[in-house]
There are 2 protein chains.
Amino acid sequence: MKKEFRSGCPIASTLDVVGDKWSLLIIRDMLLKHKKTFKEISNSDERIVPSILSARLKLLESYKLIVKTKIPENKKENIYLLTEKGIRLAPIIIELSLWGNDNMQEFNKIDSIPDLNLEKSYIIQSVEDNYNTMLRNF
Amino acid sequence: MKKEFRSGCPIASTLDVVGDKWSLLIIRDMLLKHKKTFKEISNSDERIVPSILSARLKLLESYKLIVKTKIPENKKENIYLLTEKGIRLAPIIIELSLWGNDNMQEFNKIDSIPDLNLEKSYIIQSVEDNYNTMLRNF
DNA sequence: ATTTTTGCTTTCAAATTGATAGCAAAAATA
DNA sequence: TATTTTTGCTATCAATTTGAAAGCAAAAAT
């Protein structure tokens, strides 16, 4: 993967890795919906095409945000799981969700998100905990 | 110019507005460095080209994240200021910065960010307050 | 009066994204 | 066992977006 970083700015560096059109939606599906396979991720509302999904999964793997494994029961299917680095994107994902909910209603019909009344830090903690619990039971 | 939204997901909708390669870096310079003119924003470390900056400022204006004004002393120069919607991107910007600082060191030399020891919610509040104070004294 | 600056726009090339088809290996079904 | 379907991709090529350079009119500075 030959992608260059534009600068030493931590914001720009984060965006150089996950700031494309699809990466954070892939992470969203993995982190919030616990999706694990190519097919599951393909079937999002936004319909990412296979060539892009394939390229993005490789990039995310190269930056250690996800790992690719298999289960013994299925020799064909790849299982994609978030690493700790990937799980820690939860605060960014949640902030994107809250901002969209608060500020985009006038431009787009926004799906309601559950537990909006709860405190931000609690929501983030729950998302991370739930993913880790799923991992432990996998 | 009106870009379509991919879905009703609040995360996807936010990304449809600021999820391109440059918007959040423009917002970063406005919000953290209090940049206000085309020229100031042009001179970032990442060197955005005029055609892209022009297009992005128009898009951000159309979604009411920024407003374009002038000062009486200068008939030529446009002044770009963040609206409340734009200022409220502070949590996203700060989370991107923290994640990059914590997770990208092994791939890129990351500039150190000041006040990293302070609490997250305090950093966000300070950024928003400082911008609003600048606006009031403008 | 001339030069420089500003905030763009235009042009065109390069890179990225997207739609469709295809394909080999594995799994499911007959 | 043979055939069909599914899975996880890759290849191809068109469409869209991004990027580099130059240009330009109005305003400001000299």
Side-chain angles (χ1 to χ4, degrees), chain A residues 1-7 12 15-27 29-30 34-63 66-82, chain B residues 1-7 12 15-27 29-30 34-63 66-82:
Chain A
M1 297 294 150
K2 39 84 208 179
K3 195 175 185 179
E4 281 298 305
F5 286 93
R6 283 174 284 184
S7 72
L15 293 174
D16 283 339
V17 171
V18 297
D20 69 294
K21 200 168 168 184
W22 292 104
S23 290
L24 286 171
L25 295 185
I26 296 170
I27 306 280
D29 283 356
M30 295 179 73
H34 295 188
K35 290 186 180 181
K36 293 171 203 67
T37 64
F38 195 95
K39 193 195 173 193
E40 284 176 325
I41 302 168
S42 285
N43 295 334
S44 69
D45 287 349
E46 297 87 6
R47 314 234 111 252
I48 184 169
V49 298
S51 53
I52 310 264
L53 178 54
S54 176
R56 280 295 133 190
L57 288 171
K58 276 172 189 156
L59 198 84
L60 294 174
E61 202 186 357
S62 81
Y63 285 114
I66 64 174
V67 286
K68 181 161 103 175
T69 49
K70 287 189 187 285
I71 48 171
E73 292 81 36
N74 193 322
K75 292 208 189 78
K76 179 76 187 165
E77 216 170 34
N78 290 316
I79 305 288
Y80 298 94
L81 299 171
L82 290 168
Chain B
M1 172 153 91
K2 271 289 132 70
K3 177 156 63 166
E4 278 300 303
F5 288 92
R6 284 174 284 183
S7 73
L15 293 174
D16 283 339
V17 171
V18 297
D20 69 293
K21 198 167 169 182
W22 292 105
S23 291
L24 286 171
L25 295 186
I26 296 170
I27 307 279
D29 284 355
M30 295 178 74
H34 296 188
K35 290 186 181 182
K36 294 172 202 68
T37 64
F38 195 94
K39 192 196 174 194
E40 285 176 325
I41 302 168
S42 286
N43 295 334
S44 68
D45 288 348
E46 298 86 7
R47 314 232 110 250
I48 184 170
V49 298
S51 53
I52 310 263
L53 178 54
S54 177
R56 281 296 133 191
L57 288 171
K58 275 172 190 156
L59 198 84
L60 294 174
E61 202 186 357
S62 81
Y63 285 113
I66 65 174
V67 286
K68 181 160 105 175
T69 50
K70 288 191 187 282
I71 49 171
E73 293 81 37
N74 192 323
K75 292 207 188 79
K76 178 77 186 162
E77 215 169 35
N78 290 316
I79 305 288
Y80 298 94
L81 299 171
L82 291 168

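So you know, we letter chains A, B, ... as the sequences are listed, proteins then strands, and number each from 1.
- The backbone N or O of B/H34 lies less than 3.5 Å from a partner atom in the side chain of B/K36, making a donor-acceptor pair.
- The structure places CG of A/L15 at 9.5 Å from OG of A/S7, a figure rounded to the nearest 0.5 Å.
- Looking at residues two or more places apart in sequence or on another chain, you find a side chain to side chain donor-acceptor pair (under 3.5 Å) between B/K70 and B/N78.
- Protein atom CD of A/E61 is 9 Å distant from nucleotide atom P of D/dC9, rounded to whole Å.
- Computed from coordinates, the A/L59 CG to D/dC9 C1' distance equals 17 Å when rounded to whole Å.
- Listed pair B/K36 / C/dG7 fails the phosphate criterion, with no side-chain N or O lying under 4.0 Å from OP1 or OP2.
- Between the OG atom in A/S23 and the CG atom in A/L53 there is a gap of 10.0 Å [rounded to 0.5 Å].
- When all heavy atoms of B/E46 and B/W22 are compared, the closest pair comes out as O-CH2, 3.4 Å.
- Remark: DNA chain D forms stems of 3 or more consecutive Watson-Crick or G-U wobble pairs, all pair distances under 3.5 Å, at C:1-30 with D:1-30.
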Interface polar pairs with nucleotides 1-3 of chain D, N/O, under 3.5 angstrom:
none

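- Rounding to the nearest 0.5 Å places CG of A/L59 at 10.5 Å from CG of A/D16.
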Exercise. Let me have a per-nucleotide readout for nucleotides 19-30 of chain D, 5' to 3', with B, S or -, counting only protein heavy atoms under 4.0 Å.
Key: BB----BBSS--
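- With rounding to whole Å, B/E40 atom CD is found 16 Å from C/dC8 atom C1'.
- Nearest approach of B/V17 to B/Y63, heavy atoms of both residues: CG1-CD1, 3.7 Å.
- Residues forming a side chain to side chain donor-acceptor pair (under 3.5 Å) with B/D45 (at least two apart in sequence, or on another chain): none.
- In this structure, the side chain of A/K35 does not engage the main chain of A/D29 through any donor-acceptor pair within 3.5 Å.
- Of the inter-residue distances, the one linking B/R56 atom CZ with B/L24 atom CG reads 10.0 Å to the nearest 0.5 angstrom.
- The distance from atom CG of A/N43 to atom C1' of D/dC9 is 15 Å, rounded to the nearest whole Å.
- Atom CG in B/D20 sits roughly 14 Å away from atom C1' in D/dT16 (whole-Å rounding).
- For the side chain to side chain donor-acceptor pair (under 3.5 Å) test, no residue two or more places apart in sequence or in another chain qualifies with B/E61.
- Here B/S54 reaches the OP1 or OP2 of C/dT9: one of its side-chain N or O atoms lies under 4.0 Å away.
- When distances are taken from the side chain of B/R56 to each of D/dT18, D/dT10, C/dC8, the shortest belongs to D/dT18.
- Considering all non-hydrogen atoms of both residues, B/Y80 and B/I66 come closest at CD2-CD1, 4.0 Å.
- A/K70 comes within 4.0 angstrom of nothing in the nucleic acid, heavy atoms only.
- For the pair B/K58 NZ and C/dG7 C1', the interatomic distance rounds to 10 Å; values are reported in whole Å.
- One can place CD of B/E46 at 16 Å from C1' of D/dT18, the figure rounded to the nearest angstrom.
- Look at NZ on A/K39: it is 14 Å from C1' on D/dC9, rounded to the nearest Å.
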